[in-house]
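Below: one structure, written as structure tokens.
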Amino acid sequence: GPAGGPRVQQAKLVLLGDQGVGKSSIALRFVRGQFPEHSEATVGAAFLTQTVQVLGQTLKFDIWDTAGQERYHSLAPMYYRGAQAAIVVYDINNSNTFNRAVTWVKELRQQATGNIVIVLAGNKADLAAEHRAVSTEDARAFAEENGLIFAEASAKTGLAVNEMFMMIAHKMVSKA
Ligand code: GDP
């Protein structure tokens with residue numbers, strides 16, 4: 001950077017999706033490496049940070065969680081204003097949550113920063129062998145049509161959680 005030290009890029013990342021799909025659990029898995037087995041509904045865990053190294057650069061994520069506000073009313077655009085990245089989460093085992101994710105993606109495409117990096121994340125993959133309601137093919141097709149990164153993940157097992165943040169980081173650092 002200009003002062004001779006390594007440049008630290010900062011990224012506001014918002015988590016979107018229905019209540020109960022696992023937004024807070026994904027954030028906690030990424031930041032603390034833990035799955036809080038007996039978590040109550042999210043109260044307070046509204047802001048977390050995590051720094052990653054990618055392509056020899058440092059990227060600091062400021063992660064905004066909804067803190068359950070999606071229960072009461074639709075989120076204000078100010079929640080995602082200025083976000084460089086979004087993870088839109090649905091529960092693979094609940095098709096309503098996928099429909100809601102589709103709505104969020106459309107809203108982001110209309111209202112958010114033009115070059116926002118969006119991940120479509122199907123969470124709770126650990127339950128999908130028995131309870132799957134959204135096919136991988138349908139979700140991937142929607143992601144491809146809309147220029148989204150796609151992953152099926154599990155905050156519980158950790159499957160694909162770090163990977164999706166690293167895919168975002170890679171995309172952000174390589175286009176900066
Ligand atoms: P949020 O409302 O979207 O933030 O969802 P939470 O993170 O509070 O998770 C809602 C519930 O789903 C909690 O009981 C979590 O323990 C559970 N949960 C979250 N992620 C997973 C997952 O990957 N697998 C399973 N089996 N349960 C999960």
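Order of appearance sets the numbers: ligands from 1, and atoms from 1 within every ligand.
Polar contact with ligand 1: present for K124 (N/O pair, distance under 3.5 Å). Polar contact with ligand 1: absent for A125 (N/O pair, distance under 3.5 Å). When only interatomic distances are considered, the shortest N/O to N/O separation between A153 and ligand 1 does not fall below 3.5 Å. Between F35 and ligand 1, no pair of N/O atoms sits closer than 3.5 Å.
Classification of the F30-F165 ring pair by plane angle, with boundaries at 30° and 60°, yields parallel.
Set against the non-hydrogen atoms of D126, the atoms of ligand 1 under 4.0 Å away are 22 (C), 23 (O), 24 (N), 25 (C), 26 (N). Numbered from 1 in the order shown, with element, the atoms of ligand 1 that lie under 4.0 Å from a heavy atom of L127 read 26 (N). Atoms of ligand 1 found under 4.0 Å from any heavy atom of S24, numbered from 1 in the order shown, are 4 (O), 7 (O). Near S154, the atoms of ligand 1 lying under 4.0 angstrom from a non-hydrogen atom of the residue are 23 (O). Atoms of ligand 1 lying under 4.0 Å from any heavy atom of D18, numbered from 1 in the order shown and given with element: 3 (O). Close approach of ligand 1 to K23 (heavy-atom distance below 4.0 Å) involves ligand atoms 1 (P), 2 (O), 3 (O), 4 (O), 5 (O), 7 (O).
Q9 contributes atom CD, which lies 5.0 Å from atom CE of M172 (distance to the nearest 0.5 angstrom). Here the CG atom belonging to L159 is positioned 8.5 Å from the CG atom belonging to D126, to the nearest 0.5 angstrom. The structure places CD1 of I118 at 11.0 Å from CG of L13, a figure rounded to the nearest 0.5 Å.
For the ligand labelled ligand 1, residue G17 lies outside the 4.0 Å heavy-atom shell.
If you look at N123 next to ligand 1, the close heavy atoms, those under 4.0 Å, all belong to the side chain.
A donor and an acceptor atom, one from each side chain of T97 and D18, are nowhere located under 3.5 Å apart.
Side-chain contact between L28 and L48 is present, with heavy atoms from C-beta onward closer than 4.5 Å. Contact annotation: the side chain of Y80 never approaches that of I116 to less than 4.5 Å [non-hydrogen atoms, C-beta and beyond].
Surrounding CZ of R32 are at most 12 heavy atoms belonging to other residues, nucleotides or ligands under 6.0 Å away.
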